[in-house]
Trainee: 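Got a structure here, written out as structure tokens. Questions coming.
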Amino acid sequence: MALKVSQTWTALLGAIYQRQTSGQSLRAGSVQNRYCSTAEGGEDTGRVAGQTVVSERRGSVVTVAINRPEARNAVNQETARRLLEELEAYERDPALNVAVLHGRGGNFCAGYDLKELANHTASLKLEQDATKGPGPMGPSRLELSKPLIAAVSGYAVAGGLELALLADLRVVEQSATMGVFSRRFGVPLIDGGTVRLPRLIGLSRALDLILTGRPIGAQEALAYGLANRVVPDGQALQAALELAEQISSFPQQCLRADRSSAIYSCYDAPSFTQAMQYEIDHGIPVIQSEAVAGATRFSSGTGRGGKFS
């Protein structure tokens, strides 16, 4: 069943967009039909003009970039569709182990492009059944089986914060700003913000951000557990890539089994006992496929003293 947005509502959303991006007038980016896509096995050739999402493969790691810097990487309908396509392609590709999501031009994502909504003549239709279609921001309803890292610079607010919450880890630049900026204007979190944020940082801290809509800087985000790493400005992407390469170097079946168990115990397990059962059921197959070989390497001297190389 679809939700219809009235003309009054879309006009209000347009005003919100202007306010939440510090009053700057933002232009909608042009869209072309040709993209660098992991689904096509392509490499980033540098032809990014007009492409709302740009991806680049780096061995077993893929970067996915929102490319609307003139709009502080606000997501419109085309961008949402492209983000979903790229992350679904990553999920399907057995040669890729880790994805890094970031924004070009100094900002991660300023949320949904409310200016586009205000200027759109047709009513917006959103899929209300979370099992049948994507969220407004695109990939927000995905349950990936492989790690995703967000490299956060500039603004990651409103729907942009929700995209950052989709990631397993967030590498955040020192001057970055996160927050539920839509709070002041009555725009709800409908891309997982009320679901993931309390799980990540606890209900009390999540409600502080959700109810007040206040901005949160990198150091406070680190103290909350919202940021996993804080790096100097301009270094989030490089730091995220280094982290992705390290994660990609580990035995992947074991890593994904442990990741899956942690997520299951947090979101889906009805009891402690069932969480423990899920862990052992998914862990035992890894013993023969990876753990025995790993134990053999250790017994020969590899990794002694906690060394990772």
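Only a predicted model underlies this, so the values are computations on that prediction, with no experimental measurement involved.
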Trainee: Taking Asn107 for the side chain and Tyr155 for the main chain, is one N or O donor matched with an acceptor at less than 3.5 Å?
Mentor: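 Yes: the side chain of Asn107 pairs with the backbone of Tyr155.
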Trainee: A side-chain contact here means heavy atoms from C-beta on lying under 4.5 Å apart; do Pro136 and Ile190 qualify?
Mentor: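 Counting from C-beta outward, Pro136 and Ile190 do come under 4.5 Å.
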Trainee: Would you call Val195 and Tyr267 a side-chain contact if the rule is heavy atoms closer than 4.5 Å?
Mentor: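 Result yes, sub-4.5 Å side-chain heavy-atom pair found.
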Trainee: To the nearest 0.5 Å, what is the distance between CG on Asp191 and OH on Tyr112?
Mentor: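 So the CG of Asp191 and the OH of Tyr112 are separated by 10.0 Å.
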Trainee: Under a 3.5 Å threshold, yes or no: a donor from one side chain and an acceptor from the other, between Ser261 and Asp258?
Mentor: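 Per modelled atom types, Ser261 and Asp258 side chains form no pair under 3.5 Å.
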Trainee: Closest approach of Phe250 and Gln252, non-hydrogen atoms and distance?
Mentor: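 Heavy-atom minimum between the residues: O-NE2, 2.9 Å.
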Trainee: Which residue in the set Val157, Ile66, Val152 passes side chain to side chain contact (heavy atoms under 4.5 Å, CB included) when paired with Cys109?
Mentor: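 Only match with Cys109 under side chain to side chain contact (heavy atoms under 4.5 Å, CB included): Ile66.
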Trainee: Is any side-chain heavy atom of Phe108 less than 4.5 Å from a side-chain heavy atom of Leu161?
Mentor: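 No; the side chains remain at least 4.5 Å from each other.
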Trainee: If hydrophobic clusters are built by linking Ile, Leu, Val, Met, Phe, Trp and Tyr wherever their side-chain heavy atoms come under 4.5 Å apart, do Val75 and Leu148 end up in the same one?
Mentor: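 They do share one cluster, since a chain of ILVMFWY contacts under 4.5 Å joins Val75 to Leu148.
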Trainee: Report yes or no: does Asp233 contribute a side-chain atom to a donor-acceptor pair with the main-chain N or O of Ser175 at less than 3.5 Å?
Mentor: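 Flag set: sc Asp233 to bb Ser175 pair under 3.5 Å.
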Trainee: Going by heavy atoms in the side chains, are Arg183 and Leu211 under 4.5 Å from each other?
Mentor: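 No. Closest side-chain heavy atoms not under 4.5 Å.
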Trainee: How would you list, by chain and number, every residue that makes a side chain to side chain contact (heavy atoms under 4.5 Å, CB included) with Ala221, sequence neighbours excluded?
Mentor: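 For Ala221, the residues satisfying side chain to side chain contact (heavy atoms under 4.5 Å, CB included) (neighbours in sequence not counted) are Met178, Ile216, Leu226, Ala227.
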Trainee: What pairs with His282 under ring-ring contact (aromatic ring centres under 6.0 Å, His included), at least two apart in sequence or on another chain?
Mentor: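 Per chain and number, His282 pairs via ring-ring contact (aromatic ring centres under 6.0 Å, His included) with Tyr278.
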Trainee: Locate the shortest heavy-atom distance separating Ala239 from Val231; write the atom from each residue and the value.
Mentor: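 Looking at all heavy atoms of both residues, the closest pair is CB-CG1, 3.8 Å.
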Trainee: Is it the case that the side chain of Tyr264 and the backbone of Arg259 share a donor-acceptor pair, with hydrogens and angles ignored and the cut-off at 3.5 Å?
Mentor: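 No; judged by distance alone, with no hydrogens or angles, the pair does not exist.
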Trainee: Could you please spell out the steps behind the side-chain contact (heavy atoms from CB on, under 4.5 Å) verdict for Leu166 and Leu87?
Mentor: CA-CA 11 Å; Leu166 174 64; Leu87 289 182; 4.2 Å; yes
Trainee: Is the shortest heavy-atom distance from the side chain of Ile149 to the side chain of Ile247 under 4.5 Å?
Mentor: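 Yes, close enough: below the 4.5 Å cut-off.
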Trainee: Check whether any side-chain N or O of Asn73 sits under 3.5 Å from a backbone N or O of Arg68 as a donor-acceptor pair, and report yes or no.
Mentor: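 Checked: pair present.
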Trainee: So, the side chain of Arg141 versus the backbone of Gly133: is there a donor-acceptor pair under 3.5 Å, distance only?
Mentor: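 It does hold such a pair.
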Trainee: Could you please spell out the steps behind the side-chain contact (heavy atoms from CB on, under 4.5 Å) verdict for Gln174 and Val230?
Mentor: CA-CA 6 Å; Gln174 185 66 48; Val230 173; 3.3 Å; yes
Trainee: With side chains defined as the heavy atoms from C-beta onward, is the minimum distance between Pro215 and Phe181 less than 4.5 Å?
Mentor: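 Side chain of Pro215 against side chain of Phe181, heavy atoms only: contact under 4.5 Å found.
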Trainee: Is there a side-chain contact between Glu85 and Val53 in this structure, where contact means two heavy atoms from C-beta onward sitting under 4.5 Å apart?
Mentor: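 Glu85 does not reach Val53 side chain to side chain.
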Trainee: Has the side chain of Ser260 got a donor or acceptor atom that lies under 3.5 Å from a matching backbone atom of Arg256?
Mentor: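 It does not hold such a pair.
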Trainee: So, does Glu86 use its side chain to make a donor-acceptor pair with the main chain of Val64 at under 3.5 Å?
Mentor: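 Looks like no, no N/O pair under 3.5 Å.
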Trainee: I'd like to know whether Leu255 forms a side-chain contact (heavy atoms from CB on, under 4.5 Å) with Asn97, so could you lay out the CA-CA distance, the side-chain angles of the two residues, the decisive distance to 0.1 Å, and finally the verdict.
Mentor: CA-CA 10 Å; Leu255 182 144; Asn97 293 334; over 6 Å; no
Trainee: Can any side-chain N or O of Arg214 pair as donor or acceptor with the backbone N or O of Gly179 at less than 3.5 Å?
Mentor: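 Judged by distance alone, no pair lies under 3.5 Å.
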Trainee: Between Gln235 (side chain) and Glu173 (backbone), is there a donor-acceptor pair under 3.5 Å?
Mentor: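 Looks like no, no N/O pair under 3.5 Å.
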Trainee: Cut-off 3.5 Å, side chains only: do Gln238 and Glu242 have a donor facing an acceptor?
Mentor: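 Judged by distance alone, the side chains do pair up.
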Trainee: Between Leu169 and Leu241, is there shared hydrophobic-cluster membership here, with clusters defined by ILVMFWY side-chain heavy atoms closer than 4.5 Å?
Mentor: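 Looking at the clustering, Leu241 is in the same group as Leu169.
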Trainee: Hey, does Leu83 have a side-chain heavy atom less than 4.5 Å from the side chain of Met137?
Mentor: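 No, side chains not in contact.
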Trainee: Do you know which two heavy atoms are closest between Val172 and Ala218, and how far apart they sit?
Mentor: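 That would be CG1-CB, 3.9 Å.
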Trainee: Determine yes or no for a side-chain-to-main-chain donor-acceptor pair under 3.5 angstrom, with Gln274 supplying the side chain and Ala269 the backbone.
Mentor: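 Not a single qualifying donor-acceptor pair exists.
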Trainee: Under 3.5 Å, is there a donor on one side chain and an acceptor on the other for Ser289 and Gln253?
Mentor: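 Yes.
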